[in-house]
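One structure is given here, and the rest of the page talks about it.
This structure is a prediction, so every number in the text was calculated from the model and none was measured. Letters A, B, ... are given to chains in the order of the sequence lines, protein chains preceding strands, and every chain is numbered from 1.
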2 protein chains.
Amino acid sequence: MQLASTGSHSEGRPAGRPVSRQVLADHVYEELLASLMDGRLEPGTAVSIDGTARELDVSPTPVREALARLEHTGMVRRVALKGYRVAPVFTREDFAELMEARLAIEPVNARLACARLTTGHLAELERAVADLKDAPRGPSFAEFRGYLEADERFHRLIAEQTGNQFMVAAYAALGGQIQRFRLFGGVGITDADHAIAEHQAVLDALATGDPEKAAAAMAEHVQKVRGRAIADAPAE
Amino acid sequence: MQLASTGSHSEGRPAGRPVSRQVLADHVYEELLASLMDGRLEPGTAVSIDGTARELDVSPTPVREALARLEHTGMVRRVALKGYRVAPVFTREDFAELMEARLAIEPVNARLACARLTTGHLAELERAVADLKDAPRGPSFAEFRGYLEADERFHRLIAEQTGNQFMVAAYAALGGQIQRFRLFGGVGITDADHAIAEHQAVLDALATGDPEKAAAAMAEHVQKVRGRAIADAPAE
DNA sequence: CATCTTCAGATCCTATAGGACCAGGCACGG
DNA sequence: CCGTGCCTGGTCCTATAGGATCTGAAGATG
């Protein structure tokens with residue numbers, strides 16, 4: 001029906017995307033991921049396979065494949081013969097566990113990344129921090145979306161710069177959850193000034209080339225994030 | 001050949017229901033996972049969707065879903081429009097990275113698990129170590145399969161006993177790879193005596209209730225595993 | 001009024017069909 | 001002998017059909 005595969009751009013999809021040689025399931029995956037990150041899909045709501053297929057104007061088969069991949073990220077949960085649901089909201093205990101895990105993994109990433117740091121890597125990190133400073137920080141999601149993206153990018157870059165594929169995988173298992181918490185934790189961006197300063201401190205520590213210093217800076221950042229989030233926690 | 005028979009080793013249902021209803025994709029997933037773990041699917045070989053479907057006497061749809069889940073574990077790799085292939089053999093560098101990651105994560109797990117240890121948990125760990133001692137250690141895979149299973153179970157139990165779902169996820173991202181390395185690293189089980197002693201040491205340290213001791217014992221174990229593997233490494 | 005039955009719709013799950021692409025073999029012309 | 005074109009089979013990918021199960025509401029019955 002749609003999906004004019006070779007060359008010709010069909011009018012089936014809005015916003016005529018080339019789509020030429022991309023698998024449809026990948027598109028569905030990214031679309032669902034964006035919806036989850038943006039908060040358009042709130043925790044607890046069901047994600048119907050057929051419904052999503054109708055909404056995106058594709059058949060259920062690619063949707064099924066995309067959801068199978070998403071399940072492994074912890075963003076959606078699947079119950080056999082019942083369907084998929086968006087993973088429930090974080091409790092305070094979930095948040096504590098997440099920070100405990102970050103505290104175990106991210107300083108190690110900083111230490112390893114510091115040992116292999118190149119000027120190119122450093123430039124990327126500097127760009128991320130600059131984007132963090134420049135990003136708008138309004139109350140609505142659309143306004144602080146750039147901020148969250150830069151924040152996540154900074155941490156992900158450090159994980160990737162370890163050169164260790166398994167540390168990247170371990171961090172990736174957490175990365176999505178971190179953003180999801182920021183969205184549904186209730187508080188918006190209230191600690192940007194502190195957070196930016198801490199990111200800058202991590203960056204400076206990395207630039208000195210002292211791995212222990214970098215690890216300490218990262219550990220301090222994570223601990224302070226935890227502390228602020230607990231202070232700002234909604235009454236609930 | 002194929003399914004129809006209810007799971008032999010998977011936990012049985014409360015027997016009240018015939019449970020004839022099970023999702024086919026789950027069976028395919030388990031079957032493929034077992035094939036990967038057993039070495040029946042050697043690294044680098046293609047995993048054809050249609051071919052697997054014919055072999056298991058199902059349609060390609062559940063196979064596609066199972067492979068989408070497997071991809072996220074790192075056991076198979078997918079190239080868009082080209083299909084799935086079993087992930088390539090570990091290089092020496094991959095192994096070093098894996099051990100680096102284990103060294104970052106597993107001692108933390110031991111420390112956290114130690115803090116929340118219960119008698120029930122301890123009993124499970126003791127059983128795992130006992131199984132490790134009793135397991136046959138022949139040259140063929142079928143013979144040391146039980147050994148590998150007990151080894152993996154020991155480490156997984158410690159991860160689960162942290163009570164931290166994210167540390168479990170982080171470890172799970174590694175767990176499968178550890179077994180795969182044991183299979184294709186070339187060496188069979190040559191260090192069982194040492195490894196059993198180290199597992200016992202970790203268990204003892206946990207039993208003392210001293211978290212730092214437990215972490216240290218686990219770190220020593222991982223480091224020694226790395227050292228022995230490097231010593232035994234095939235010429236390549 | 002309360003409870004049970006029935007039924008229509010939605011959903012999940014699997015099978016099947018068909019289009020597009022790729023690799024390899026084979027005949028044919030130079 | 002060698003290169004080229006054709007063809008066939010294999011594979012991936014998506015759409016569609018149909019069976020099985022669950023949900024929820026309307027209607028019937030005590």
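Axis deviation across the helix from C:dC1-D:dG30 to C:dG30-D:dC1 amounts to 10°, comparing end segments of five pairs, rounded to 10 degrees.
Comparing D:dA15, D:dT16, C:dC12 by their nearest atom to the side chain of A:Val58 picks out D:dA15. For A:Val23, whose side chain is taken as the heavy atoms from C-beta onward, the closest listed nucleotide among C:dT14, C:dC12, D:dC13 is D:dC13.
Counting to the nearest Å, the P atom of D:dG18 and the CG atom of B:Leu24 are 21 Å from each other. What separates OH of A:Tyr84 from C1' of C:dC13 is a distance of 11 Å, to the nearest Å. The nearest whole Å value for the distance from the CG atom in B:Leu81 to the P atom in D:dC12 is 10 Å. Rounded to a whole Å, the CG atom of B:Asp50 is 12 Å from the P atom of C:dT16. Taking atom CZ on A:Arg78 and atom P on C:dT11, their separation rounds to 18 Å, with Å as the unit. The distance between atom CD of A:Glu65 and atom C1' of C:dT14, rounded to the nearest whole Å, is 16 Å. Rounded to an integer number of Å, the gap from CZ of A:Arg85 to P of C:dC12 is 11 Å. Spacing between atom CG of B:Leu56 and atom P of C:dT14 amounts to 13 Å, rounded to whole angstrom units.
Considering only residues two or more places apart in sequence or on other chains, B:Tyr84 meets the ring pair (Phe, Tyr, Trp, His ring centres under 6.0 Å) condition with none of them.
The distance from the CG atom of A:Leu174 to the CD atom of A:Glu106 is 7.5 Å, given to the nearest 0.5 Å. With values rounded to the nearest 0.5 angstrom, A:Glu31 atom CD is found 12.5 Å from A:Asp26 atom CG.
Heavy atoms of A:Arg54 sit under 4.0 angstrom from primed sugar atoms or phosphate atoms, though from no base atom.
Nearest-nucleotide mapping onto DNA chain D: of A:Lys82 and A:Pro62, the residue sitting toward the 5' end is A:Pro62. Toward the 5' end of DNA chain D, the nearer of the two residues B:Val47 and A:Thr61, judged by each one's closest nucleotide, is B:Val47.
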Item to check | Test log, rule side-chain hydrogen bond (donor to acceptor under 3.5 Å, both in side chains), inputs A:Ser35 and A:Asp38 | outcome: CA-CA 5 Å; A:Ser35 294; A:Asp38 290 11; over 6 Å; no

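At the phosphate of C:dT14, neither OP1 nor OP2 sits under 4.0 Å from any side-chain N or O atom of B:Ser59. OP1 and OP2 of C:dA10 both lie 4.0 Å or more from every side-chain N or O belonging to A:Ser48. Residue A:Arg64 has a polar side-chain atom (N or O) positioned under 4.0 Å from OP1 or OP2 of C:dC13.
Closest heavy-atom contact between A:Asp151 and A:His199: OD1-NE2, 3.3 Å. Residues A:Asn109 and A:Thr162 share a closest heavy-atom pair of O-CG2, 3.4 Å.
At least one donor-acceptor pair closer than 3.5 Å links the side chain of A:Gln177 to the backbone N or O of A:Thr73.
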